[in-house]
Amino acid sequence: MVYAVVRAGGRQEKVEVGTILTVDRVKADDNGNIDLAPVLLVDGDKITSAASELANVTVTAEVLNDLRGPKVIIQKFKNKTGYKKRQGFRADLTRVKITKIA
């Protein structure tokens, strides 16, 4: 069983080949692929975490589609002063599928 922990969008995610993952919006190359930076690689009983050995490891993902996250409403209110503020936010996301860990 081979899996890796990759750095994706400010978070770390555990991935295997075939895992579908939603990360912050990333730009794909001409073939529609992206490379994710591995933090840890587990190959059976062998665990690789040294930065010099992880430099040789590549985790490739195929971009499936771009989407937007749910809307988050931010409301601020101060009592007795008449201060009210309402603001919204939607994250730009990308759905990717892990194709290769080598």
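Note that these values count all heavy atoms, side chains included, but never hydrogens, waters or copies made by symmetry.
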Would you sort out whether Val2 and Leu41 count as a side chain to side chain contact (heavy atoms under 4.5 Å, CB included), showing the intermediate values? CA-CA 8 Å; Val2 177; Leu41 177 69; 4.3 Å; yes

So for atom CZ, which belongs to Arg86, do other residues, nucleotides or ligands contribute more than 12 heavy atoms lying within a distance under 6.0 Å? no

Answer yes or no: does atom CZ of Arg90 have more than 12 heavy-atom neighbours from other residues, nucleotides or ligands under 6.0 Å? yes

Is there a side-chain contact between Val63 and Lys27 (heavy atoms, below 4.5 Å)? no

Taking the side chain as every heavy atom from C-beta outward, state whether Glu13 and Val5 have any atom pair closer than 4.5 Å. no

Is Val57 linked to Val15 within one hydrophobic cluster, defined over Ile, Leu, Val, Met, Phe, Trp and Tyr using a side-chain heavy-atom separation of less than 4.5 Å? yes

Give me the one residue out of Thr22, Leu21, Asp66, Asn65 that meets side-chain contact (heavy atoms from CB on, under 4.5 Å) with Thr94. Asp66

Spacing of CD1 belonging to Ile101 relative to CG belonging to Asp43, to within rounding of 0.5 Å: 9.5 Å

Which atom pair, heavy atoms only, marks the closest approach of [X] to [Y]?
X: Val26; Y: Ile34; result: CG2-CD1, 3.7 Å
X: Ile98; Y: Ala61; result: CD1-CB, 3.9 Å
X: Leu36; Y: Ala8; result: CD2-CB, 4.4 Å

With side chain to side chain contact (heavy atoms under 4.5 Å, CB included) as the test, would you mind laying out the steps for Leu93 and Val23 before giving the verdict? CA-CA 6 Å; Leu93 304 172; Val23 297; over 6 Å; no

